[in-house]
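Some notes on the structure that comes next.
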Amino acid sequence: QVELVESGGGLVQPGGSLRLSCAASGRIFSINAMGWYRQAPGKERELVATITSTGSTNYADSVKGRFTISRENAKNTIYLQMSILKPEDTAVYYCNADIRIRWDTGLIPNWGQGTQVTVSS
């Protein structure tokens, strides 16, 4: 089985910073794209940022210039450095990874359990 574990969430004041981490473990042959999504109360889950195995990144317009996604392939880990946080960034942040468990199987999307980020004074 594959497990994604997020960490680093918490309460921060507007304008502050937080760094989220997500580590994948278990039966992993390879990982393709990894990313962060978020879901605020009463809203649908939305993409925040993604990163491929070669380092290509993609960001939601709402976080461009404030958030940075990075990846350590040797550790099957991604990070999300969040700066200049706003109250509208408050949400549960989920890690996602497209994982191949064997050389001859397809990519399967996996999700973490989520970590709460609250931006409030």
| request: Mark yes or no for whether Thr115, through its side chain, and Tyr93, through its backbone, hold a donor-acceptor pair below 3.5 Å. | output: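 No; judged by distance alone, with no hydrogens or angles, the pair does not exist.
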
| field | Residues clustered with Val92, ILVMFWY side-chain links under 4.5 angstrom | value |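 Via sub-4.5 Å side-chain contacts, Val92 links to Tyr37, Leu47, Tyr94, Trp111.
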
Results of side chain to side chain contact (heavy atoms under 4.5 Å, CB included) for [X] - residues two or more places apart only:
X: Ala33; value: Asp98
X: Lys64; value: Tyr59, Asp61
X: Ser121; value: Pro14

Nearest heavy atoms of [X] and [Y], plus distance in Å:
X: Ile28; Y: Ile31; answer: CG2-CG1, 3.7 Å
X: Arg38; Y: Ser62; answer: NH2-OG, 3.4 Å
X: Gly35; Y: Ile69; answer: CA-CD1, 4.2 Å
X: Ala24; Y: Ile99; answer: CB-CD1, 4.5 Å

| query | Excluding sequence neighbours, so at least two apart, what forms salt bridge (Lys or Arg N to Asp or Glu O under 4.0 Å) with Arg45? | reply |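 Residues passing salt bridge (Lys or Arg N to Asp or Glu O under 4.0 Å) with Arg45: none at all.
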
| request: Any chance you could lay out the side chain to side chain contact (heavy atoms under 4.5 Å, CB included) test for Ser120 and Leu11, step after step, and finish with the verdict? | output: CA-CA 7 Å; Ser120 176; Leu11 173 64; 4.2 Å; yes

| Short side-chain donor-acceptor distance under 3.5 Å, Thr54 and Thr52 |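 Yes, because at least one side-chain N or O of Thr52 sits under 3.5 Å from a partner of the opposite role on Thr54.
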
Tell me, do [X] and [Y] make a side-chain contact under 4.5 Å, heavy atoms counted?
X: Thr90; Y: Glu88; value: no
X: Val12; Y: Val119; value: yes
X: Phe67; Y: Leu85; value: yes

| Tell me, which pairs form a side-chain hydrogen bond (donor to acceptor under 3.5 Å, both in side chains) where one or both residues lie in residues 1-10, sequence neighbours left out? |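 Matches after skipping sequence neighbours: Glu6-Gln113.
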
| Taking only residues at least two apart or on different chains, which pairs with a member in residues 10-30 satisfy side-chain hydrogen bond (donor to acceptor under 3.5 Å, both in side chains)? |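 Sorted result for residues 10-30: empty, none.
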
Distance, nearest 0.5 Å, that separates [atom1] of [X] from [atom2] of [Y]:
X: Thr50; Y: Asn58; atom1: OG1; atom2: CG; answer: 4.5 Å
X: Arg100; Y: Leu107; atom1: CZ; atom2: CG; answer: 4.0 Å
X: Ser53; Y: Met34; atom1: OG; atom2: CE; answer: 11.0 Å
X: Arg102; Y: Phe29; atom1: CZ; atom2: CZ; answer: 10.5 Å

| query | Between Trp36 and Asn96, is a side chain to side chain contact (heavy atoms under 4.5 Å, CB included) present by the stated rule, with each step listed? | reply | CA-CA 6 Å; Trp36 293 96; Asn96 170 270; over 6 Å; no

Checking [X] now: which residues fulfil side chain to side chain donor-acceptor pair (under 3.5 Å) with it, not counting sequence neighbours?
X: Asn32; value: none
X: Arg66; value: Asp89
X: Thr57; value: none

Sequence neighbours left out, cut at 3.5 Å: what donor-acceptor pairs do the side chains of residues 75-84 make with other protein atoms?
{"from": "Thr77", "atom 1": "OG1", "to": "Lys75", "atom 2": "O", "distance (Å)": "2.8"}
{"from": "Tyr79", "atom 1": "OH", "to": "Glu72", "atom 2": "OE2", "distance (Å)": "2.5"}

| said: Using side chain to side chain contact (heavy atoms under 4.5 Å, CB included), reason through Ile101 and Val2 one step at a time and then give a plain yes or no. | reply: CA-CA 8 Å; Ile101 62 172; Val2 174; 4.0 Å; yes

| field | Residue pairs involving residues 44-73 (criterion disulfide (SG to SG under 2.5 Å); sequence neighbours excluded) | value |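 Counting only pairs at least two positions apart or across chains, no disulfide (SG to SG under 2.5 Å) contact touches residues 44-73.
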
| task | Please indicate whether Glu44 has more than 12 foreign heavy atoms, meaning atoms of other residues, nucleotides or ligands, lying under 6.0 Å from its CD. | result |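 Open.
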
